[in-house]
Amino acid sequence: MLKDMCIFAAWVHGDPRKVIYPTDSYGQFCGQKDTLNENKTILFYFNILKCASPVVLINLQCPTTQLCVSKCPDRFATYIDVQASYRYKPDQWNYFRQFCKPGFNNPRKVFLKRCFPDFSTKNGVLTVANQTTFKDGRGKTRNVTDLREAANGINNVLDARSVGMKIFEDYAISWYWILIGLFIAMIVSLLFLVLLRFTAGVLFWIFIFGVIGIIGYGIWHCYWEYDHLKGIPGSDLTVYDIGFQTDFRVYLQLRQTWLAFMIMLCVVEVIIILMLIFLRNRIRIAIALLKEGSRAIGYIMSTLFYPIVTFILIAICISYWAVTAVFLATSGEPVYKVMANQTLCKYANLTCDPETFNTTNVTKLCPGAQCTFAFYGGESLYHKYIFIFQLANAFVFLWLVNFAIALGQCTLAGAFASYYWASRKPADIPLWPLFSSFGRAIRYHTGSLAFGALILAIVQLIRVILEYLDHKLKGTQNSFTRFLLCCLKCCFWCLEKFLKFINRNAYIMIAIYGKNFCTSAKEAFFLLMRNVVRVAVLDKVTDFLLFLGKILVAGGVGVLAFFFFTQRIPVFAQEAPTLNYYWVPLLTVIIGSYLVAHGFFSVYAMCVDTLFLCFCEDLERNDGSTAKPYFMSASLHRILGKKELSPKKAVG
């Protein structure tokens, strides 16, 4: 019901054009087709000095008249210059007239004929059009630094928008290459999983040393860049010296940047090597268990392709949430406010109606006051609760994503459990174990899966709210508030990790016995506590090995993407797109490749967890006698059991 309300409100009141097009003082979109402003795509500010107001950062609007124009002025002029040109230089006036309000024929308002001043520095002096001062039309001589402060007020917003547009352009140019990179990651992940069926032990050692090799190459490359920049002017500057730059390529010209990368990679390399040394015996056990999982996957090969279903479901959820969020964010109505030249005008910044404004006495009490567009919002009950609707939309998004993940886990667990509990493998395995498990999960266990996803979504929403509060309270000096918020964030992070662990094992028990969520979660928890030593040995070590596999896939594809997007592959140098920031598609490919690898390797993780839970249940239900034979294989018992199991007592 709540989701339906959000969707209805968003799609009825939302208008994504408010995000795409800038809006002038009359509430009209600049550059929109089939309007008077179709060829006027740029927003022009009359008096940019007013952009130094803090209102700019709140409403993203300057408190000055704004018009849609086809291009920015390429001449510097103030009110004094334009007034003079009206009488003595008609040609110059005809040029500046295009930047006046419609129907205006006499230049009397104070405005600067620049979209943004073109600042330059000569001999350490800031100038605009070779001028350091100008007259503001009020009898005062202003310095160019005043212009700089005013321009910075809106540039803080526009710089971010400019970077966003460049990133968007990079995605528009390179999107198909990104998809090719992700497709390569999918093929490599599938290839690894198929090879694991036959060479699990060898391949996992390849994972381990491959990751060490890739990180080692990264260390060498960082050192090479660090040494290569030696002696180049400006390369010895620090990040603090140059400050924040929207062109992130500037940081790659600093030796300090590559030194920091090299140190971080060295730390990661040392940590991995130390873990391999101290966990070598547990790694052998984990690899043996993964071999057993490879055997199960080999009998049910269709499980390798199930992550594609999960990807599609999550992509639908993300798309649906994003579209609804955009429509909600743009569902505000145009809000107009009184803009007065007099600071003492009591009507300044009050809301107004442009259709009836000229009939009011505001213009008489505040000469020169105008009713101009300020921002999108509203005072109605609906507009006051848009933030609540956004939270509701985010909550339902988290719920749906967690449900899609839960459905995948329960489906895979049911398929692998059918393998384990088969008396004769593979003869007693059902014909279509994955499809049968999916059908059971949808038909009988939807409520249990939705309940488990609901609990997790509530905790995740609380974490989102805590992050929002932390962002809002960053400027506070209250140490106790910051400490309390930090503790809450830590506690709910731990709670989320614990719930994910419980839910995962609860879904396995649901797939095995078909009981409700609470009963399955309780039985799974106590079963694991009775085998806590085995859990400690296998859980994190197995996750570590699979994590190395994901890193190998993401790192390998990332190195290939790095050479491609930096045009260092001679064969494809002409095919590589010219980008503003090559790291945009590169990071997208690396992160996307890791997520793709995570989706496919999660099949192995789910297989191991299911076999382990079935093994623990098998030990408690059976004793290996003729009357109660074990369902586990002799090899699995050797890995996890306390004593050898004779072939007669082992099944399979």
Side-chain angles (χ1 to χ4, degrees), residues 1-3 5-6 54-60 156-157 160 239-240 243-244 260 263-264 267-268 271 314 317-318 321-322 324-325 328-329 332 375 377 381-403 405-406 450-506 517-518 521-522 524-526 528-529 532 535-536 539-540 543-544 547 591 594-595 598:
M1 182 65 181
L2 186 60
K3 179 65 174 178
M5 290 175 59
C6 292
V55 177
V56 174
L57 297 178
I58 299 174
N59 297 328
L60 301 184
N156 290 332
V157 176
V239 176
Y240 179 79
F244 176 76
I263 292 174
M264 288 188 292
V267 171
V268 174
I271 291 174
I314 293 178
C317 294
I318 293 175
W321 164 79
T324 304
L328 276 174
F375 55 89
L381 185 65
Y382 162 74
H383 292 104
K384 291 180 180 179
Y385 286 96
I386 285 182
F387 180 73
I388 303 300
F389 287 142
Q390 288 283 20
L391 280 181
N393 186 41
F395 170 70
V396 177
F397 163 72
L398 294 173
W399 191 2
L400 292 175
V401 169
N402 286 316
F403 177 80
I405 295 173
F451 183 70
L454 174 65
I455 297 174
L456 192 56
I458 292 173
V459 174
Q460 290 172 339
L461 181 66
I462 294 174
R463 289 195 61 203
V464 170
I465 295 174
L466 290 175
E467 291 292 341
Y468 174 79
L469 293 176
D470 183 43
H471 177 73
K472 288 293 185 182
L473 299 176
K474 270 188 177 179
T476 182
Q477 300 299 320
N478 192 328
S479 300
F480 176 76
T481 302
R482 295 200 304 269
F483 171 76
L484 180 62
L485 199 58
C486 183
C487 291
L488 288 173
K489 288 168 61 178
C490 180
C491 291
F492 277 96
W493 178 84
C494 295
L495 179 60
E496 181 185 357
K497 295 296 181 182
F498 176 75
L499 286 176
K500 284 184 176 179
F501 176 77
I502 290 297
N503 284 12
R504 184 182 182 89
N505 290 281
F517 176 82
C518 294
K522 182 186 70 174
F525 177 77
F526 287 112
L528 292 173
M529 289 301 100
V532 66
V535 173
D539 187 38
K540 293 304 176 185
D543 289 344
F544 173 69
F547 173 74
I591 296 173
Y594 179 83
L595 294 176
H598 173 75

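Computed from heavy atoms alone, side chains included, the values below leave out hydrogens, waters and symmetry copies. These numbers were taken from a predicted model, which means no experiment stands behind them.
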[Y] side chain reached by [X] side chain, heavy atoms, under 4.5 Å:
X	Y	value
Phe517	Ile455	yes
Thr324	Phe397	no
Ile314	Ile405	yes
Leu461	Trp399	no
Phe395	Leu454	yes
Phe451	Cys518	yes

*Of all residues at least two apart in sequence or in a different chain, which pass the salt bridge (Lys or Arg N to Asp or Glu O under 4.0 Å) check with Lys500?*
Glu496
*Looking at Ala524 and Ala506, what are the two nearest heavy atoms and their distance?*
CB-N, 4.2 Å
*Check Leu485 against Asp470 and note the closest heavy-atom contact, atom names and distance.*
CD2-CA, 3.3 Å
*Please test Val401 against Trp321 for side chain to side chain contact (heavy atoms under 4.5 Å, CB included), starting from the C-alpha separation and ending with a verdict.*
CA-CA 10 Å; Val401 169; Trp321 164 79; over 6 Å; no
*How far does CG of Leu456 sit from CZ of Arg504, to the nearest 0.5 angstrom?*
12.5 Å
_Approximate separation, where rounding is to 0.5 Å, of Phe498 CZ and Phe501 CZ_ = 8.0 Å
*All side chain to side chain contact (heavy atoms under 4.5 Å, CB included) counterparts of Phe492, not counting sequence neighbours*: Val459, Ile462, Arg463, Leu466, Leu488, Leu495
*asked:* Which residue in the set Leu400, Asn393, Leu398 passes side chain to side chain contact (heavy atoms under 4.5 Å, CB included) when paired with Val396?
replied: Leu400
*By ring-ring contact (aromatic ring centres under 6.0 Å, His included) - contacts of Phe525 (at least two apart)*: none
